[in-house]
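This report refers to the structure that appears directly beneath it.
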Amino acid sequence: MIDEGLIFIVHGAGEHCLRYTDLAEALTGLNYLVFSHDHVGHGQSEGDRMTVSDFHIYVRDSVQHVDLMRKEHAGLPLFMCGHSMGGAIAILTADERPEEFSGVILISPLVVPNPESATSCKVFAAKILSHLLPNFSLGTIDPNSVSRNKEEVEAYSVDPLVYHGGMKVSFAVQLLNATARVEKALPRFRLPLLLLHGTLDKLCDIRGSHIMMETIQSEDKTLKVYEDAFHALHKELPEVTTSVFQEIESWLQQRIGDTHPSNTE
Ligand SMILES: O=C(c1ccc2nc(C3CCCCC3)oc2c1)N1CC(N2CCN(c3ncccn3)CC2)C1
């Protein structure tokens, strides 16, 4: 069966691409060709765990993967789906290759830092500390604050490919750099967009998705808000995650064939 299109899944910080197997299988069942990779320092890829010298390394690798798949599957519409930090990578990848994509799906993307965790004082302290003690740990994320689904929390907590250590201050500074680069890229963003965000996301504030909706040039843009849902919408309570998968599938099906770059001349 000819593939309907290509979908590049971009995972978030501390996790790995195999955690998106459920989503990948659902999309493969609809004849999409799904591809992904573990970012440097994540999952089965090399590098110190959850460490990167410059956030752009994640974007560079994603652009290279997109270029490779585009060469091997010319003529198929190409979409991207990013979660959290992966959402920031997806926005910056689209900014470098806007002509390649037929649309972008973002699940609780990192657009602006949570105002409580990134006050100007804390940001200043983090930047100073990053030079003095780059491996200083800012602590770990409580997975119970990321999903209300206890089975998903347990699965995440025992996953050997997940990084369970604390976030290094140097990595947090790279995430801040990412939000600054995303802020500059948003006014240039004009691709079809599906945004999904929970109102009780304590990690990536939903205000970032509202700002994105107000700032981008896209005419085709949708924000689906999940009341009382936490950060990992694709790993949340069944009623949330089922809806997320359905929203993604129907959004893609409505855009296959009418926005492919080769037919937008
Ligand atoms: O990409 C992220 C992530 C992680 C930590 C972050 N901290 C910031 C701030 C820090 C201060 C400076 C500004 C940025 O942004 C982050 C993004 N991810 C992916 C998410 N994980 C969380 C755990 N997961 C989980 N947990 C329970 C059940 C299922 N999945 C998987 C997804 C977190």
Side-chain angles (χ1 to χ4, degrees), residues 10-17 19 37-43 45-62 82-93 95 106-147 153 156-157 159 161-186 197-198 200-212 230-235:
V10 193
H11 74 74
E15 54 175 8
H16 57 95
C17 67
R19 293 189 45 76
H37 63 257
D38 289 343
H39 307 310
V40 165
H42 288 76
S45 289
E46 75 289 345
D48 294 342
R49 298 298 94 183
M50 212 160 103
T51 303
V52 71
S53 56
D54 188 304
F55 192 83
H56 189 258
I57 288 169
Y58 294 148
V59 178
R60 177 204 67 192
D61 292 349
S62 296
H83 166 58
S84 200
M85 176 189 82
I89 297 169
I91 291 166
L92 297 174
T93 300
D95 192 46
L106 300 175
I107 305 172
S108 329
L110 172 62
V111 173
V112 295
N114 183 313
E116 281 80 51
S117 59
T119 62
S120 51
C121 182
K122 287 182 182 177
V123 168
F124 178 75
K127 289 182 175 176
I128 298 295
L129 194 57
S130 179
H131 290 292
L132 301 172
L133 285 170
N135 292 332
F136 180 83
S137 174
L138 297 176
T140 58
I141 301 167
D142 174 6
N144 288 287
S145 70
V146 174
S147 170
V153 168
Y156 178 84
S157 301
D159 185 331
L161 287 176
V162 161
Y163 172 70
H164 297 288
M167 180 181 286
K168 299 180 181 106
V169 65
S170 57
F171 189 80
V173 168
Q174 288 308 321
L175 291 182
L176 285 166
N177 291 344
T179 60
R181 293 176 184 170
V182 164
E183 184 180 6
K184 292 185 175 70
L186 289 185
H197 221 123
L200 294 185
D201 187 331
K202 303 178 187 70
L203 205 53
C204 296
D205 199 290
I206 192 171
R207 277 171 281 193
S209 286
H210 288 300
I211 289 168
M212 183 164 190
F230 287 11
H231 183 62
L233 293 178
H234 57 299
K235 299 285 185 180

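Being a predicted model, the structure only gives us computed values, none of them experimental.
Partners of His197 under the side chain to side chain donor-acceptor pair (under 3.5 Å) rule, at least two apart in sequence or in another chain, are Asp201, Ser209. Under the side chain to side chain donor-acceptor pair (under 3.5 Å) criterion, Asp95 pairs with Arg188, sequence neighbours left out.
Screening Val10, Val111, Leu110 for a side-chain contact (heavy atoms from CB on, under 4.5 Å) with Ile91, the sole residue that qualifies is Val111.
Rounded to the nearest 0.5 Å, atoms CG (Leu233) and NE2 (His231) are 8.5 Å apart. Atom CG of Asn144 sits about 12.0 Å away from atom OH of Tyr156, to the nearest 0.5 Å. For the atom pair Leu176 CG and Lys122 NZ, the distance stands at 11.5 Å (nearest 0.5 Å). In this structure, CD on Glu183 lies 8.0 Å from CD1 on Ile211, to the nearest 0.5 angstrom. Considering OG1 of Thr140 and CG of Asp142, their distance stands at 7.5 Å, rounded to 0.5 Å. Separation of atoms CG (Asp61) and OG1 (Thr93) is listed at 9.5 Å; rounding is to 0.5 Å.
Leu200 has its side chain within reach of Phe230: a pair of non-hydrogen atoms, C-beta onward, lies under 4.5 Å apart. Residues Met212 and Leu106 are in side-chain contact: their nearest non-hydrogen atoms beyond the backbone lie under 4.5 Å apart.
In this structure, Thr179 contributes its side chain and Pro113 its backbone to no donor-acceptor pair below 3.5 Å. The main-chain N or O of Arg19 is found under 3.5 Å from a side-chain atom of Lys235 such that the two form a donor-acceptor pair. Judged purely by atom type and a 3.5 angstrom limit, Lys202 has no side-chain atom pairing as donor or acceptor with the backbone of Asn114. His42 places a side-chain N or O within donor-acceptor distance of the main-chain N or O of Val40, the cut-off being under 3.5 Å. Checked by atom type and distance alone, the side chain of Ser45 pairs as donor or acceptor with a backbone atom of Asp38 at under 3.5 Å. A donor-acceptor pair under 3.5 Å is formed between the side chain of His11 and the backbone N or O of His39. A donor-acceptor distance shorter than 3.5 angstrom exists from the side chain of Thr51 to the backbone of Arg49, with no hydrogens or angles considered.
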**Prompt:** After noting the C-alpha distance and the side-chain angles of Ser108 and His83, does the key distance pass the side chain to side chain contact (heavy atoms under 4.5 Å, CB included) rule?
**Reply:** CA-CA 6 Å; Ser108 329; His83 166 58; 4.1 Å; yes
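Among all heavy-atom pairs drawn from Phe55 and Gln174, the shortest one is N-OE1, 2.9 Å. When every heavy atom of Ser84 is checked against every heavy atom of Cys204, the shortest pair comes out as OG-SG, 3.5 Å. Closest of all the heavy-atom pairs between Ser62 and Ile89 is OG-CG2, 3.4 Å. Across all non-hydrogen atoms, the minimal contact from Pro115 to Arg207 is CG-NH2, 3.1 Å. The heavy-atom pair separating Leu138 from Ala172 by the smallest distance is CD1-CB, 3.5 Å. In terms of heavy atoms, Gly12 sits closest to Glu15 at N-OE2, 2.6 Å.
The existence of a salt bridge linking Arg181 and Asp54 is confirmed by a sub-4.0 Å separation between a basic side-chain nitrogen and an acidic carboxylate oxygen.
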